[in-house]
Amino acid sequence: MEALTEYELPLRGLLRLPPGSRVACDSGSLWITEDDQMLDTVLEPGEQFAPVARGALLVYALSPARLHRLQ
């Protein structure tokens, strides 16, 4: 899988990604919530998130973080 876009978020940084986005955490710690889903996810370095539904994602940095969106 190729990275579409790379992002750097400061502590408490917030990023909204389009529906269906797959996310990989490169460094730091990320909290992810997906529209219309009850459960949230925390990602640590090396972990990936695959959406359950087709809702938009909100990504919040629990610490300074780097991530990329996958195809």
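Heads up: numbering here begins at 1 and tracks the sequence.
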- How far does CG of Leu57 sit from CG of Leu30, to the nearest 0.5 angstrom? 11.5 Å
- Note on the structure: One should read off an interatomic distance between Arg22 CZ and Arg69 CZ, to the nearest 0.5 angstrom, of 12.5 Å
- Task: Nearest 0.5 Å please: distance from the CH2 atom of Trp31 over to the CG atom of Asp40.
- Result: 5.0 Å
- Message: Set out, in order, the CA-CA distance, both residues' side-chain angles and the distance that settles side-chain contact (heavy atoms from CB on, under 4.5 Å) for Val52 and Met38, then state yes or no.
- Response: CA-CA 11 Å; Val52 175; Met38 295 288 290; over 6 Å; no
- On a heavy-atom basis, the closest approach of Pro51 and Ser21 is CD-O, 3.3 Å
- Message: Working to the nearest 0.5 angstrom, can you tell me the gap between Thr33 OG1 and Phe49 CZ?
- Response: 8.0 Å
- Query: For the hydrophobic clusters of this structure (ILVMFWY residues joined by side-chain heavy atoms under 4.5 Å, transitively), does one cluster hold both Val23 and Leu58?
  - Reply: no
- Heavy-atom closest contact (Ala24 atom, Leu70 atom, distance): CB-CD1, 4.1 Å
- Task: From the options Val42, Leu15, Leu43, select the one residue that forms a side-chain contact (heavy atoms from CB on, under 4.5 Å) with Ile32.
- Result: Leu43
- Message: Ignoring hydrogens, what is the shortest heavy-atom contact between Ala61 and Pro10? Give both atom names and the distance.
- Response: CB-O, 3.2 Å
- Message: Could you go through Glu6 and Leu67, starting from their C-alpha distance and side-chain angles, then the distance that decides it, and tell me whether this counts as side-chain contact (heavy atoms from CB on, under 4.5 Å)?
- Response: CA-CA 6 Å; Glu6 294 183 355; Leu67 64 138; over 6 Å; no
- Note on the structure: Nearest heavy-atom approach of Ala65 to Ser29 is CB-N, 4.2 Å
- Task: Hey, could you give me the CD/CG distance between Glu34 and Leu17, rounded to the nearest 0.5 Å?
- Result: 11.0 Å
- Task: Rounded to the nearest 0.5 Å, what's the gap from CG on Asp35 to CZ on Arg54? Could you check?
- Result: 12.5 Å
